[in-house]
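I have placed the structure first, in the form of structure tokens, so that the comments after it can refer back to it.
Quick caveat: nothing in here was measured; it's all calculated off a predicted structure.
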Amino acid sequence: MNVSLDDKKKTLLTKLKEQGITDEIVLEVIADIPREDFIPDFLRSQAYENAALPIESEQTISQPYIVAYMTQELRVTKNHKVLEIGTGSGYQAAVLAKLCKRLFTIERHMPLFKGAEEMFKKLRLYNITTLFGNGMKGWKEQQPFDRIMVTAAGEEIPDELLYQLKDGGIMIIPVGAQDETQHVVRITRNGDDFDVKTLLPVKFVPLLSGIVHSS
Ligand code: SAH
């Protein structure tokens with residue numbers, strides 16, 4: 001029997017709650033955004049499996065639990081200006097855009113950048129501003145940000161990003177090399193100090209410098 005995407009979505013949401021996603025607003029947004037539209041057509045039936053999936057340019061859309069977890073840990077509110085590094089499919093950006101005032105997102109692969117821009121238009125997410133470039137440098141013209149989320153793993157935390165956070169601002173970033181265990185880290189800016197808390201072990205594609213014009 002074919003289980004509908006809607007039923008699969010309900011099962012996924014129950015699973016996310018069991019795994020500790022307690023923020024009702026985050027759960028509502030995940031229920032609202034059609035993940036099936038952000039992945040290649042042939043994977044459509046797997047859209048609500050709790051798994052990372054391949055997208056263009058050899059990148060991945062994160063596992064729904066990781067998206068929910070990182071979003072919950074970022075503690076976004078409706079008055080926030082948020083920066084995301086690593087637009088990819090655009091899914092995480094869409095989730096954040098529903099929770100904040102304005103979402104800025106940077107991608108270094110042109111095909112992904114173009115695809116995500118189309119999705120934002122299709123879903124009428126007019127509070128998202130996109131940039132094709134190297135997100136390790138952040139977005140000088142738009143700083144400072146209340147929140148920053150990096151969705152690719154850095155071997156180190158880029159200094160330029162830290163200083164684009166507002167005082168009291170929070171950044172979530174996976175840290176670690178590809179051949180070691182990476183962890184999601186939450187950084188809170190406290191004047192010129194940064195409080196660092198190590199959270200969950202994860203596996204992310206690498207944060208790389210430079211830009212790529214083709215797939
Ligand atoms: N948030 C995405 C996850 C995509 S995977 C989603 O919801 O689908 C991580 C993405 O980060 C990839 O698309 C990769 O190309 C991008 N990336 C890696 N290093 C980057 C950098 N320095 N600047 C901008 N994007 C980067």
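Within a 6.0 Å sphere centred on NZ of Lys9, heavy atoms belonging to other residues, nucleotides or ligands number more than 12. Around the CD atom of Gln178, the shell of radius 6.0 Å holds more than 12 heavy atoms that belong to other residues, nucleotides or ligands. Within a 6.0 Å sphere centred on CD of Glu180, other residues, nucleotides and ligands contribute more than 12 heavy atoms.
For the atom pair CD1 of Ile21 and CD of Gln72, the computed distance is 4.5 Å after rounding to the nearest 0.5 Å. The distance from atom CZ of Phe104 to atom CD of Gln142, rounded to the nearest 0.5 Å, is 4.0 Å. Note that CD of Gln59 is 7.5 Å distant from CZ of Arg108, once rounded to the nearest 0.5 Å.
Grouping the Ile, Leu, Val, Met, Phe, Trp and Tyr side chains by contacts below 4.5 angstrom, directly or via other members, places Ile55 apart from Val205.
Nearest heavy atom pair, residue Met70 against residue Pro174, reads CE-CD, 4.4 Å. Shortest non-hydrogen contact noted between Gly138 and Leu83 is CA-CD2, 4.2 Å. In terms of heavy atoms, Ala94 sits closest to Phe38 at CB-CZ, 3.9 Å. Closest approach of Glu36 to Arg44, counting heavy atoms only: CG-NH1, 3.6 Å. Residues Gly133 and Ile106 share a closest heavy-atom pair of O-CG2, 3.4 Å. Nearest heavy-atom pair, Phe120 versus Ala93, reported as atom, atom and distance to 0.1 Å: CZ-CB, 3.7 Å.
Note on Asp146 versus Lys81: no salt bridge recorded, every NZ/NE/NH1/NH2 to OD/OE distance being 4.0 Å or above. For the pair Lys140 and Glu160, the salt-bridge criterion is met [side-chain N within less than 4.0 Å of a carboxylate O].
Residues Thr77 and Leu99 form no side-chain contact, since every pair of their non-hydrogen atoms from C-beta on lies 4.5 Å or further apart. Using a 4.5 Å heavy-atom threshold, the side chains of Leu16 and Leu27 count as touching. Contact annotation: the side chain of His183 never approaches that of Leu199 to less than 4.5 Å [non-hydrogen atoms, C-beta and beyond]. Proximity of Ile148 to Trp139: side-chain heavy atoms (C-beta onward) are nowhere separated by under 4.5 Å. Put simply, the side chain of Pro54 does not reach to within 4.5 Å of the side chain of Ile39, judged on heavy atoms. Taking 4.5 Å as the limit, every side-chain heavy atom of Thr87 sits out of range of all side-chain heavy atoms of His109. Using a 4.5 Å heavy-atom threshold, the side chains of Tyr48 and Asp6 count as separate. Ile30 places none of its side-chain heavy atoms less than 4.5 Å from the side chain of Asp32.
Of the possible polar contacts, none joining the Glu84 side chain to the Gln92 backbone as a donor-acceptor pair under 3.5 Å is found. Lys121 contributes no side-chain N or O that, together with a main-chain N or O of Ala116, makes up a donor-acceptor pair within less than 3.5 Å. Without hydrogens or angle criteria, Glu28 side chain to Val26 main chain gives no donor-acceptor distance under 3.5 Å. A donor-acceptor contact shorter than 3.5 Å links the side chain of Thr151 to the backbone of Ile85. Here the side chain of Lys78 pairs a donor or acceptor atom with the backbone of Lys98 at under 3.5 angstrom. For the pair Arg102 (side chain) and Ile128 (backbone), a donor-acceptor distance under 3.5 Å is absent. At least one donor-acceptor pair closer than 3.5 Å links the side chain of Asn127 to the backbone N or O of Lys101.
With sequence neighbours excluded, the residues forming a ring-ring contact (aromatic ring centres under 6.0 Å, His included) with Phe132 are Phe113, His213, listed by chain and number.
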Can I get a per-line list of side-chain donor-acceptor pairs under 3.5 Å for residues 189-196, giving both atom names and the distance, sequence neighbours left out?
residue : atom : partner : partner atom : Å
Arg189  : NE   : Gly191  : O            : 2.7
Arg189  : NH1  : Leu165  : O            : 2.9
Arg189  : NH2  : Gly191  : O            : 3.4
Arg189  : NH2  : Asp192  : OD1          : 3.4

Could you give me the CA-CA distance, side-chain angles and deciding distance for Glu56 and Ser89, then say whether side-chain hydrogen bond (donor to acceptor under 3.5 Å, both in side chains) is met? CA-CA 8 Å; Glu56 256 187 286; Ser89 67; over 6 Å; no
